[in-house]
Amino acid sequence: MICTRSLTYQYPAERAIAFRDLNIDTGSQFLLLGESGSGKTTLLHLLGGLLKTQSGTIEVHGTDISKFSEAELDHFRGKHFGFIFQRNHLLAALTVEQNLLLAPYLAGIKQNHHRVEEVLLQLGIADQKRKRIQELSLGQAQRVAIARAVLNKPSVILADEPTSALDDKNCDRVSELLVSVAQQNQATLIIATHDQRIKNRICNLIQL
Amino acid sequence: MNLFTLIFSYLKSRPLNTLLNILLLALGIAMITVLLVFNNQMQAKITDNTKGIDLVVGAKGSPLQLILCNVFHIDFPTGNIKLSEADKLAKHRLVKNAIPLALGDSYQNYRIIGTTHAYAELYKVELARGELWHSDMEVTVGATVAKLVNLKLGDTFSSAHGLSVDGHAHEEHPFVVKGILKPTNSVVDNLILTNVGSIWQVHEHSETGVAVKTDSITASVLVPTVSTSDSTREITALLIKYRNPIAAIQLPRYINSQTNMQAASPSFEAARLFSILGVGIEALTGFAYVLIFISALSIFLALYNSLKERKYDLAIMRSMGASRSKLLLATQIEGVSLTLCGSMLGIALGHMVLYLFTILVSESQTSGLNAFTFYSEELYLLAGSLVLGMVCSLIPSVQAYRTDIHNVLAGNG
């Protein structure tokens, strides 16, 4: 359950963005729609604790994260959130498997190789485990990024334009996987996008 | 997955850069190690060899040559002094004891020294086999000589005049090996010891007609077998130990001004020699530090640039729960592991170079240079490289610490 109350954010020398109050049930899936510059990313980063709350409150599973310190946010993020971005942001120096294992390591959770297998299987890229990131196609890389986001079984998956960089075929594939993998892992899914192609997959909309 | 896998993967992802940085630092450190070991062993050797010798008295000439010849046995004699004059000096009230040295012959480039048992006691030699020399033409050989020339007890050999193999051979007077010494790690290892009389006997032919006066009244203090008044007898030098500190002031002045001999202090001349060599050593050390500085700069640049490329990595790692301090630590360890690898490789390289030097250069075998002696200064080198790594990665790691995850991940940074 994610609730926000009177959340606003102001960038230096810009007008403040006021967000409407949100109530998002656990396990539900939402699309965050809006023009670019409307604050989609800002809201997503606020929800995920990547950006410190200026005013208002954000409650995630009954915990008010708006008052958290930076270190507390780091810890909370690792345990409860999975992030997917427009670019996959995988670590090129590591293999697919190492990239995935980084998630539990950094979150301070036990590293489970079976879980890595399981997630890769869910995403249909089990055969890519030992490959380096440079050897993957764009679509494969984005799927690895999704695998990394769901590996720790986070309660919330926040995706920021996850399909914008992909062609139609890959977009379809990735968005379908994203939705099904979130369901399989009982995670709340919030996708910020202006990509019309995935609108028909998710019916809950938040218009900014 | 852990911090070290992560750092190792990063280093491995740019192998040439990593290798270059490690090698660059290793070269600098190796150079310092070589100089350090060389310097330390030389100084230790000089102190060892000059221990117990306050003053060397010999024929007039270069004082440095006198010391190099009669203490370190690497230069040629300055000439001879009359035994009668040396005797007079040996009886001087400021002299505690005096050891005569008669040089002039060698075997296979190893010097034969005519002296007394007091010389052996000076270096605290111990016998490995056999005994010390007792009568003429008996020798006791140093450990290195015995090993490299392969001399055994009872072996006989004839000496060559001068200090090289191609000198005129004294075949008519063979020496016999009576004893072999244990290694002392001093100059004695490279010497063949005998009595003064043997040296005279070998050279007797050039002094035909001068018979030993057996009916002498007073025997020489230094060489009791001959008379102190025998004016034909000569020795090369006298090693003197002072009776008291006043001797250090009075004796050299007395010898240099009142006799036609000269006196030189081993410690003073050795210090002078070191200050001459020191210029070269300092220049090399300076060059080594320049290398280290350049490698530090190179490591800094490598980290700084890779940190720029890695800003997304850093941000994504933060989003996965990594704390700022963990990323700071990771960057620090990356820098430190480079410098530590470099310095460990450098120290190993330095000792290997010295080892190769000792097996390839024959002079170094007799010098007793030990390539695998480690010094506490090498620990300082490791500690220093640790600090160097931390300094190099200071700015990059602060950058990593300050990564603004929101801006980077939103694509604004």
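Chain A is the first sequence line, chain B the second, and so forth, proteins listed ahead of strands; every chain is numbered from 1.
- By the 30° and 60° cut-offs, the orientation of the rings of B:His351 relative to B:Phe374 is tilted.
- Among the candidates A:Leu44, A:Leu101, A:Leu102, the residue making the largest number of heavy-atom pairs closer than 4.5 Å to chain B is A:Leu102.
- Remark: aromatic rings of A:Phe83 and A:His89 are distant, center separation not under 6.0 Å.
- Interface remark: A:Gln111 contributes side-chain atoms only to the contact with chain B (heavy atom separation under 4.5 Å).
- There is no contact between A:Ala71 and chain B, counting heavy-atom distances below 4.5 Å.
- Your options are A:Arg148, A:His75, A:Lys79, A:Glu97, and the one with the most heavy-atom pairs under 4.5 Å with chain B is A:Arg148.
- Ion pairing between a basic and an acidic side chain is recognised when a charged N comes within 4.0 Å of a carboxylate O; B:Arg318 and A:Asp74 show such pairing.
- Of the two parts of B:Leu3, the backbone and the side chain both hold a non-hydrogen atom closer than 4.5 Å to a non-hydrogen atom of chain A.
- The aromatic rings of B:Phe372 and B:Tyr355 sit tilted relative to each other, their planes meeting at an angle between 30° and 60°.
- Ranking A:Lys52, A:Gln98, A:Gln86 against chain B, the residue ahead of the rest is A:Gln98, based on heavy-atom pairs under 4.5 Å.
- Proximity to chain B is absent for every atom of A:Leu73, based on heavy atoms less than 4.5 angstrom apart.
- Between chain B and the options A:Leu94, A:Leu90, A:Thr41, the largest number of non-hydrogen pairs under 4.5 Å is found for A:Leu94.
- Here the two rings, on B:Tyr10 and B:Phe8, have centers that are 6.0 Å apart or farther.
- Pairs engaging residues 123-144 of chain A under the ring-ring contact (aromatic ring centres under 6.0 Å, His included) rule: none recorded [sequence neighbours left out].
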